[in-house]
Amino acid sequence: MLHVFQYQPLRLITQNSLSSTCLKLMLSRHVAFAPIWKSWFSSHSILGKKNIILMGPPGAGKTTTGRIVGQKLDCPVIDIDDDVLETTWNMSVSEKLQDVGYEEFLEEEGKALLKFSASGSVISLSGSNPMHAAGMQHIKKNGIVVYLDVPTTVIMSRLKSKQMERIVGLSPGVSLKDVLQFRKQFYKRWFDIRVLCGGDVAAEVVAEKVLDAVKRYQDSELETFISTRSSRSGRSTEEDSNKFYFSDVVIQGLALDGGLFVPERGLPKFTAEEWQGLIEATYVERAQVILERCIHPADIPASKLAGIIETAYGENFSCSKVAPVRHLAGNQFLLELFHGPTASFKDFALQLMPHLFAYCIPRSCNYLILVATSGDTGSAVLDGFSRLHDPDKQRIALINFFPEDGVSPIQKSQMIGCQNENAWSVGVKSDFDFCQTAIKQIFTNSDFTGFLTVEYGTALAAANSINWARLLPQIVYHASAYLDLVHQGIISFGSPVDMCIPTGNFGNMLAAFYAKMMGIPIRKCICASNENNVLTEFIRTGVYDLRGRKLISSFSPAVDILKSSNLERYLHLIANEDGQLVTQLFNQLENQGHFQLQKDLLGKLQQDLVAGWCSDEDCLAAIHSVYSTTGYILDTHTAVAKVVADRLQDRTCPIIISSTAHYSKFAPAILRALRIAEINQNPLSQLHLLSSYSALPPIHWGLLETLKKTGNGDHQVCAADMSVLMSHIETLIQNHFMKVF
C-alpha cells in the first residue's frame, strides 16, 4: 500500500552528529523546494517515513540521482561519503582508505553506518557500504534499497574519465573489472528494487525511473490479473471484489470461468537502453532482471527471486550459457533449449516454477498438481517438483497424465524414471487433447474440488502452460537469444530477427510474441506445425476447425496437438481484451468444433504471425541433410521448424530456430533419418548407438542417467474416462497426504 507522506521537520540523528554546515544545507533544501513538493506530491505520495536508499557501484550516479530525487520530493538528501563518513573521520574517504587499508576501511565504514539513522530522506550509499552486512541490515530497516544497475563497461569508462584510482578493493594484481564483478554479489543481496541505467541515460531520467520504481514497489494494486474470458467493461461482481495477484494465479492456474490469467495492465516494456544494458549479462542475470519486472516484490521479493533463479538455472543445466545460440548455416541460428536435466525446453519453466509455487502457497493447505503432457512436459515437471526441499514435498504432490501410446519410448521411460515419492505418472488410453481437456474439466468441477478440500484438506493446481508461471520464464530465453546475437556481433541492437518455433499448444510461440511486446525487435513469429496443422490453417485462414479431424501420430509428438490452449491468451490480446468475444469463440469451438475470426482480427494476427507445416518424410530428410552437411543432428521438432523456416523466410534478416528438444529423446526416428537399417528397441541401446556417431551436440547426460535408473520401473494406466481419472486422483491423495499426516 502507498504511504502518505506528511510534511514534518527534518529528523536526522547520528551519535557522531553531522556538521552544522551540512544540516543547514539540507534544511535550506527542505524549504527551497516546498512548492515543487506540493505540486509533485499531489500525484506521487511514496516516501512517508521511509528512506529511499540508493545503492550501486562507484560511478553509478548515486549522488547526482539522489539530489534530483530529493528535490522532486522536497526532502533531505544525505550522501554517506560526504555527509557521514568524512564528517565522522574528519578526513576524505580516499585519505582514510590510504591510511587504514582495505579491510580496516570496510570495518570502519560499517561502524559509521551502524551509528547513523534518518527518516524520510534520500540516502546515497558509498559503493562499498553493501559489503558490510551489519551496517546494511541496520540501514535497510527503515528504507527501500534501490540498486542503480549500470553495465560494468559503462562504469569502467566513467571511472577512467574521472581518473578515480582509489577504489576499495583495487590493488596490484586485482583489476577494476574484478572489483566491480566481485561487488555485484553484495548489491544483489540487499536491494529491494533494481533500476537499469544505461550509458547515456541522463540523471534526470534515472531519477524519474527511481521514483516510478518506488511507487510500483509500494503499490501491488498496479499488477493484478484478469481472465481471458472477462473484459474490463463486463466484469462480474465477484471479479470486481476478488483481485488476483501473481501469487494467486500461480496457485489457481485456471480462472474460475474457464479462461486463462493474463496481466491486467499488460507486460512491462523495456527501453532500448535497458535491453542494451543486458547484452553483456549472463543468462541468470537476464532472467533476474526480466522476471523482477514481471513479478511484483509483494509476491516474491527480489532477493528471494534471485535465489530461486540461481537454483533453477545453476548446476541443473549442463551448459554454462544455459540457452546458447549456435550458427547453423546461412542466416539460420539455433537456440538450443535442451541443456536442462530432461533435455527439452520445458526445463526452463519447470526448474523454476515449482520453487515459485512452493513460495507462493499458504502453509496451511496441501496441494496436488495436475499435469497433462504430449511428451516433454511430463519428465520436466516430475524432475522439477522432485527437486523441492523435503518439507515442500510433504505438502505438494503431482500427477502427470500422458497419452499411453502417444509418446516416444524414451519419453515414456523418462516419465517412469522421474517418478518420485511425491510425483507419479499415469498413462491414459487416449490422446493429449483428451488429457488436457479432462484436467480443465476437473478444475471447473466445483463439487469434486470442494470434496477434495473438505475431505482431505487438499487443493488442486495446474503446472501446464495454462499456468502463467509456466509461460513467463519462456519469455526470457527468446529475449536472451536476441541479445546473444548482438553480443556475438551478428547484428546491432534494433536490427530485426525472425523466430521460427515448432508449436502445438502455442505457449512457446506466445512467449516469443511477449518478448516482442516487451521491446525485443522480432519481426515475424513463424509457427511450424507437423501434419496436425490446425494452427497453420488457422493463421492462414482465420478458421479454427476441428470438425472431422483426428490426431495424427507423428515423429514430432510434442506438437501432436489440435486444441492450442495458449492461443486464447493471444486472441484476448489482439481483440483488445474483449473477454466476451473470447468466451464466444472458445464456447463455439467446444460445442461446435470450430470458430472463425473477424476480418480485422485476422489482419492483426497475420501482421504478427506466419505459419507452415512439415510432413514426417520432410522432417526426416531435413535431419539427414543437416547432418550430412554440418555434422549437427536436429531433433524431430527442430527439423519441422527448419523445414518451415527454409520455406517461409525471405533471408533479409537472421532467423532464430528454437531447438526445443535433444535429438536423443527421439532416437528411433533419428536413427531412421540417418538410414540405420536395424534399430534395437531398447531405448538405452539406441542412445549408445547414437553416441557412436560423435555428432554435435553429444548425447544428453541427463537422459542416460534417467534411463539407467529406470530399470523395471512401473506406472499406472487408466481408461479415457473422467470418473476413472478422478478416482485415481482421490486414491493418490489418500496414499500421499494421509501417510504424511
Side-chain angles (χ1 to χ4, degrees), residues 3 8-23 25-27 47-58 60 62-63 65-67 69-70 75-148 166-170 179 182-194 210 214 217 301-304:
H3 296 281
Q8 298 180 40
L10 172 67
R11 287 177 291 174
L12 181 64
I13 306 165
T14 61
Q15 291 183 15
N16 293 331
S17 299
L18 299 181
S19 68
S20 59
T21 303
C22 178
L23 287 171
L25 175 62
M26 288 186 291
L27 284 167
L47 190 55
K49 297 180 181 180
K50 288 277 189 180
N51 299 309
I52 294 177
I53 304 167
L54 301 182
M55 177 184 71
K62 303 181 293 293
T63 299
T65 301
R67 287 171 182 160
V69 172
C75 67
V77 178
I78 304 167
D79 183 89
I80 294 296
D81 269 344
D82 296 342
D83 300 330
V84 178
L85 299 181
E86 295 191 354
T87 303
T88 302
W89 297 333
N90 291 316
M91 66 173 69
S92 71
V93 170
S94 60
E95 289 172 338
K96 183 73 171 181
L97 178 59
Q98 186 175 13
D99 185 42
V100 302
Y102 166 48
E103 292 185 3
E104 182 63 25
F105 178 88
L106 288 179
E107 188 60 31
E108 291 294 321
E109 188 180 46
K111 288 179 181 178
L113 206 59
L114 283 167
K115 295 176 181 179
F116 167 78
S117 126
S119 176
S121 302
V122 177
I123 301 171
S124 299
L125 298 179
S126 76
S128 52
N129 278 152
M131 299 171 70
H132 193 278
M136 284 302 296
Q137 287 171 345
H138 167 72
I139 200 166
K140 187 178 168 73
K141 288 178 182 177
N142 191 40
I144 301 166
V145 180
V146 181
Y147 173 27
L148 302 187
R166 290 221 166 268
I167 295 175
V168 179
L170 193 61
V179 170
F182 176 73
R183 287 191 184 186
K184 282 186 177 181
Q185 61 183 303
F186 300 101
Y187 300 145
K188 291 176 181 178
R189 176 180 178 183
W190 297 112
F191 78 92
D192 297 305
I193 307 166
R194 185 197 307 261
V210 167
V214 172
Y217 178 81
S303 58
K304 181 64 179 179

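- Among Asp79, Leu54, Asp81, the one residue that satisfies the side chain to side chain contact (heavy atoms under 4.5 Å, CB included) test with Thr63 is Asp79.
- Although no hydrogens or angles enter the test, the distance criterion places a donor-acceptor pair under 3.5 Å between the side chain of Asn51 and the main chain of Ala118.
- Under the 4.5 Å side-chain criterion, counting only non-hydrogen atoms from C-beta, Asn142 is not in contact with Ser117.
- Around the CD atom of Gln185, the shell of radius 6.0 Å holds more than 12 heavy atoms that belong to other residues, nucleotides or ligands.
- Remark: Ile80 CD1 to Ser124 OG distance equals 8.5 Å, nearest 0.5 Å.
- By the 4.5 Å heavy-atom criterion applied to side chains, Ile167 and Arg183 are counted as neighbours.
- Using a distance-only test at 3.5 Å, with no hydrogens or angles considered, a donor-acceptor pair links the side chain of Lys62 to the main chain of Pro57.
- When atom types are taken as modelled, the side chain of Glu104 and the backbone of Gly101 share no donor-acceptor pair closer than 3.5 angstrom.
- Within the structure, every pair that satisfies the ring pair (Phe, Tyr, Trp, His ring centres under 6.0 Å) test and touches residues 78-99, not counting sequence neighbours, is listed here: Trp89-Phe105.
- Of all the heavy atoms in Gly120 and Pro76, the pair that sits closest is O-CD, 3.5 Å.
- Side-chain atoms of Ile53 and Trp190, non-hydrogen and from C-beta on, never get closer than 4.5 Å to each other.
- With sequence neighbours excluded, the residues that form a ring-ring contact (aromatic ring centres under 6.0 Å, His included) with Phe182 are Phe186.
- Counting only heavy atoms from C-beta outward, the side chains of His132 and Leu114 approach each other to under 4.5 Å.
- Atoms CD1 and CG, on Ile144 and Asp192 in that order, are 7.0 Å from each other to the nearest 0.5 Å.
- In this structure, Leu148 CG and Leu125 CG are separated by 10.0 Å, a value rounded to the nearest 0.5 Å.
- Residues Glu108 and Thr88 have side chains not in contact (no heavy-atom distance under 4.5 Å, counting atoms from C-beta outward).
- By the 4.5 Å heavy-atom criterion applied to side chains, Met136 and Arg189 are not counted as neighbours.
- Here the CZ-CE distance, from Arg194 to Met55, works out to 9.0 Å after rounding to the nearest 0.5 Å.
- Note that OG of Ser128 is 8.0 Å distant from CG of Leu85, once rounded to the nearest 0.5 Å.
- When all heavy atoms of Tyr187 and Gly127 are compared, the closest pair comes out as OH-O, 2.7 Å.
- Distance check, rounded to the nearest 0.5 Å: CG of Leu113 to CD1 of Ile123 gives 8.5 Å.
- With contacts defined as side-chain heavy-atom distances shorter than 4.5 Å, the pair Lys96/Val93 does not qualify.
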